[in-house]
Amino acid sequence: MNTVGFPLLSLLTFLPLAGVAVILAVRGDEQTVASNARWTALWTSLITFMLSLVLWFRFDKNEAEFQFVERLDWLSDFGVTYHMGVDGISVLFVLLATLLTPICILSSWEAVQNRVREYMIAFLILETMMVGMFCALDFVVFYIFFEGVLIPMFLIIGVWGGQRRVYAAFKLFLYTLLGSVLMLLAILLLWCTAGTTDILELFTLTIPPLLQTWIFLAFFASFAVKVPMWPVHTWLPDAHVEAPTAGSVILAGVLLKMGAYGFLRFSLPLLPVASAEFAPWIFALSIVAIVYTSLVALAQEDMKKLIAYSSVAHMGIVTLGIFTFTQQGVSGALFTMLSHGVVSSALFLCVGVLYDRVHSREIARYGGVAKIMPAYALVFMLFTMASVALPGLAGFPGELLVILGAWKVSPWVAFGAALGMILGAAYMLYLYRRVVFGRITRDDLRGLLDLSPREYAVFTPLILLTIWMGIYPQSFLSFFEASVAALVERHHAALGAARLAGL
Amino acid sequence: MFVGAVFFPLLGATIAGFFGRWIGDKASQWVTVLCMALAAICGVASFIEVALGHAPQTVVLLRFLDVGSFGLDWALRYDTLSVVMVAMVTCISTLIHLYSVGYMSHDPTTPRFFAYLSLFTFMMLMLVTADNLVQLFFGWEGVGLASYLLIGYWYEKESACAAAMKAFIVNRVGDLFFMLGLCLTFWVFGSIEFSEIFGAIDQHKDARFAGLPAYEVICILLFLGACGKSAQLGLHTWLPDAMEGPTPVSALIHAATMVTAGVFLVARMSAVFEYAPIALAIVTVVGASTALFAATIGCVQNDIKRIIAYSTCSQLGYMFFAAGVGAYQGAVFHLFTHAFFKALLFLSAGSVIHAMSEEQDIRKMGGIWKKIPVTYAVMWIGSLALAGVPYFAGYYSKDFVLEAAYAAHSGVGMYAFICGLLAAFLTAFYSWRLLILTFHGAPRADHHTMEHVHESPAVMLVPLLLLALGAVFAGAVFAPSFIGHHWEEFWNGAIVNAAHNHIMHHVHEVPGWVPLAPTIVGLSGIALAYVMYVFAPSLPGALAKALPGVHRFLLNKWYFDELYDAIFVRPARALARGFWKIGDVRIIDGVPNGLAASVAGAARQAVALQTGRVASYAFTMIVGLVLLVSLLLFGG
């Protein structure tokens, strides 16, 4: 049934839950529980990560179809099966999720001191949901994981967040839920038409154009909020600002990718005609997102908010790339999603480093940090540059490919996407200048310590990845090349068929 | 050898940057210098093999990416053009490294400085040896990064941080167009590797884009990119501010690396530019205008480094209009000679600043030539070369460039020739203004500073003397191969002159007065400087008073900064705040928050109904009952 001989994907998905069970079983005073919970969570997530490396080595890059497939009857009367598998598009996101979870746990080692057990449980459940979502090949299973992600995230923000955490948590929850309900309706509609919710079977279905439009809109409502696209992006800055550092990392690193992944996995292959029809609108929204949120980022006074807005701008590049329907554009979008997952996570961690020491996110509170924390300044500079897509670092290949793909659609779209280059440099360097450069004006900053060994451990994998992705992107691109080529080809074939039928 | 020339500086940067704290200041300085020296040896060896031995080659390092039909490698392309640059960059950078050992000796974070310096050189080398446009862009952005780091090296200074940011962002504006040019190149040629582009020139000649010939659009976009990096009119504003960095950095930015990247790009893409006459005309006009514009500003500045900075800007204009009239060889030759004398000028300016206890205003100098004779002598040599006085390096290249402009026999060529001549006059004038005010006359510095005036240590003087040798001989030695009768053999196809372009031959057939003209205007510029600053020192002040408008206009650099501030920076700020406070907070968030508030309000109203009083419940019930009965009776 699959190449490794055991249900790898299910194991990856549910292994964190085993860790949860262990943590729940721990008894003792608060200190013991906390320390045990930390170590258990770390080891569980590390083992999951090690196991997920099998995907990296055993995944057949020349194959466009789904691999490591598992299939169990579940609600067979209703045409619902438990169906898991990964293709080139999803495989690296599984790895991203399994990589970021241990990093998150390590980064909150000292930052979180109350309700440590519950915190760690929330993160492990979150990992289960994320991995499951990227592996699911049945709509119902997908929907369960897709929505399930929201619960631990809601708790992480609502319980361990900042001052306005309740507002932020509810905003996150309501925004996402509103979209998801519409998606549920669309799934029901698909199920009524096809009698199955198996995604592979749905792919063979030809949906009439009018129906496609409606389903597209329903999906769009859900995915656009998750991406987030302008103008439904405002939940994100609030959520980021209030979330604890690790929450922001997962939110930016993986959760933001769910919307774009949804577009790629469902909207494009299932609804080719509607996708093509709505592409101009998506371009418009994406370019507005890039320009508008970049400008808004420029005016921010809160470090996390600034980076949150920059995420929206980067996601604009991603949605734009996806809807170019060119191989370069889609590959670029995927690559940008991955690189953004690494780079923006690292940026939030950078903010976290300062926040842990000073307990302020206000930019004006800092200045001259380079003098006392040179290693930190270097790390922050690296990720700043990666975020502004400096060639040789992770941000660049994706952006280049998206702009290249966009040019084919329209040079003006490419121009809009490229405007992000200037604005991105402006807001990131402005941030860096105000935080890291300058003269130290506040005495309490003088006593700050540079990165600790634990923080080095957190940053090292991300630094290596950032440089690796920048210098040798082919090692990542090769994973999704075949799948993207197949996707683009099928999209154009379907469009051609629809046009013929229209005649 | 080929790989070493490029990667030794990176090695040096890595060692100094990451291990500088452990191995100490001294060790990291000398490690970088050593790595640079090794790179220079490799660079010169490659020059001998590739340029003199006519053996161009490409070294493939690693597949970069491969998406659909879009694929490219990390590869080092060694042909005459790149190898000229490699040899020049590595040699000059080595000297600058050596000089910095003395100049930065009092700095607390020297390993960081040397790491940046080597990184800068590495990026420039990646740029010039690029095999495709993306790798070129890598180097292109890389020098942008390194210059950002170096300009902002003294990050505690507010002005240095601002200048660094400005340099990076203005460069990014140019980069945007570069990126778009790259896209169009790919969609026209189906490749961005140079060898494939140049091989397919004939096939796509008639390709059109948005109603224009595609080649024209590509070239204009790339040229706009070059404008950013090479500080041409409009995107030049970052260059003078870049003087905030330590002086060796200015020398590196202005002489060997960074600003010459734009000229290099035009020369590299000469095969495409040859078929884009409109783009070439634009290059010529912009280049010529910049040459004159920057020279006018140079005449009234008072900061020793800024004067030299504007002269760089002006000289880059020369290189561009040379390329614009089709004499790319001349452009590269001027770039080559300019590297020597401009590095020399900057480093000797650094030596002066060093001697004057960090004073940069030439109005506060004077009368120091006896105290720092070596610096004085090499500064003379640099100025003579810059002014194009016969037999110094600048003479060969500048003369050639102006002759080429004349020989183009076109309107824009003539415009360039006139601008170039005027600029040559002004160049000589401000160079000698600088020399006279800095070294001669009565000392204007305070007593304390004057006592401390001292010649720089040997580690700084040796590079100066070597560069001075270059400034004297680089022209005479290399002119025959670069632009003389052997040029075709020397360039070996690295620069393409199309079949219709005979400028390289026409240059040798200009009327007799044309080669003489630059020398004559140069000498008269020097004479004017003597008149104004030695024989009649009251004249400049009187002139400034007589023409206050002009003087202020020049002093404020044609008000470009103010203009950009008014039309870009401030509106962007206002827009940013507007989008945030009104767009996001009030409109986009206002609607759901308002909705939530009204739902909560309505719920509160509903709660109010449940008072718990039996009378009101009974009353409500009766009202309901009445309504129901009446509906049943009359609704029918």
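Note: hydrogens, waters and symmetry copies are ignored here, and every other heavy atom, side chains too, is used. As the structure is a prediction and not an experimental result, all values here were calculated from the model. Quick note on labels: first sequence line is chain A, next is B, and so on, each numbered from 1.
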Report task. With a 4.5 Å cut-off on heavy-atom pairs, point out which of A:L378, A:L401, A:D238 contacts chain B the most. Result -> A:L401

Query raised in the report: Side chain, backbone, both or neither: which part of A:E481 has an atom under 4.5 Å from a heavy atom of chain B?
Result: side chain

**Report entry** Member of A:Y366, A:F380, A:Y432 meeting the ring pair (Phe, Tyr, Trp, His ring centres under 6.0 Å) criterion with A:F437
**Finding:** A:Y432

Report summary line: Whatever's closer than 4.5 Å to a heavy atom in chain B on A:M385 counts as side chain

Report summary line: Okay, A:W235 and chain B: the region with an atom under 4.5 Å from a heavy atom over there is neither

Query raised in the report: Is it the backbone or the side chain of B:L149 that comes under 4.5 Å from a heavy atom of chain A, or both, or neither?
Result: side chain

Query - B:L61, part contacting chain A, at a heavy-atom distance under 4.5 Å - result: neither

Report task. With a 4.5 angstrom heavy-atom cut-off, could you sort out which part of A:L423 is near chain B: side chain, backbone, both or neither? Result -> neither

**Report entry** 4.5 Å side-chain heavy-atom contact, A:L477 and A:Q474
**Finding:** yes

Report task. Please state whether the side chain, the backbone, both or neither of A:K371 comes within less than 4.5 Å of a heavy atom of chain B. Result -> both

**Report entry** Side-chain donor/acceptor of B:S118 to backbone N/O of B:A115, under 3.5 Å
**Finding:** no

**Report entry** Engaged part of A:A414 at the chain B interface, taking heavy atoms whose separation is under 4.5 Å
**Finding:** both

Query raised in the report: chain A heavy atoms under 4.5 Å from B:A162: which part of the residue, side chain, backbone, both or neither?
Result: both

Query raised in the report: Using non-hydrogen atoms only, which part of A:I471 is less than 4.5 Å away from chain B: side chain, backbone, both, or neither?
Result: both

Query raised in the report: When rounded to the nearest 0.5 angstrom, what is the spacing between CZ in A:R433 and CG in A:L431?
Result: 12.0 Å

Requested in this report: Write down the atom of A:V225, the atom of A:A221, and the distance for their closest heavy-atom approach.
Outcome: CG2-O, 3.2 Å

Report task. Can you tell which part of A:V484 gets under 4.5 Å to a heavy atom of chain B, answering side chain, backbone, both or neither? Result -> neither

Query raised in the report: Is the charged tip of A:R434 near the ring of A:Y430: under 6.0 Å from the six-membered ring centre and within 45° of its axis?
Result: yes

Report summary line: Residues A:F396 and A:L390: closest non-hydrogen pair is CB-O, 3.6 Å

Query - Interface moiety of B:L176 toward chain A, non-hydrogen atoms closer than 4.5 Å - result: both

Query raised in the report: chain A heavy atoms under 4.5 Å from B:F70: which part of the residue, side chain, backbone, both or neither?
Result: both

**Report entry** Under 4.5 Å from any heavy atom of chain A - which part of B:R573
**Finding:** side chain

Query raised in the report: For A:F170, is it the side chain, the backbone, both or neither that has a heavy atom under 4.5 Å from a heavy atom of chain B?
Result: neither

Query raised in the report: For A:S478, does its backbone N or O pair with a side-chain atom of B:D66 as donor and acceptor, under 3.5 Å?
Result: no

Query raised in the report: Under a 4.5 Å heavy-atom cut-off, does chain B meet the side chain of A:F415, its backbone, both or neither?
Result: both

Requested in this report: Please flag which part of A:L429 lies under 4.5 Å from any non-hydrogen atom of chain B: side chain, backbone, both or neither.
Outcome: both

**Report entry** Greater than 12 external heavy atoms within 6.0 Å of B:E156's CD
**Finding:** yes

Report task. Examine whether an atom of B:W74 lies under 4.5 Å from a heavy atom of chain A, and if so say whether it belongs to the side chain, the backbone or both; otherwise answer neither. Result -> side chain

**Report entry** A:E242 with A:K305: basic N within carboxylate O range, under 4.0 Å
**Finding:** no

Query raised in the report: How about B:Y148 and B:N171: does a side-chain donor come under 3.5 Å of a side-chain acceptor?
Result: no

Query - chain B contact via A:F480 - side chain, backbone, both or neither, heavy atoms under 4.5 Å - result: neither

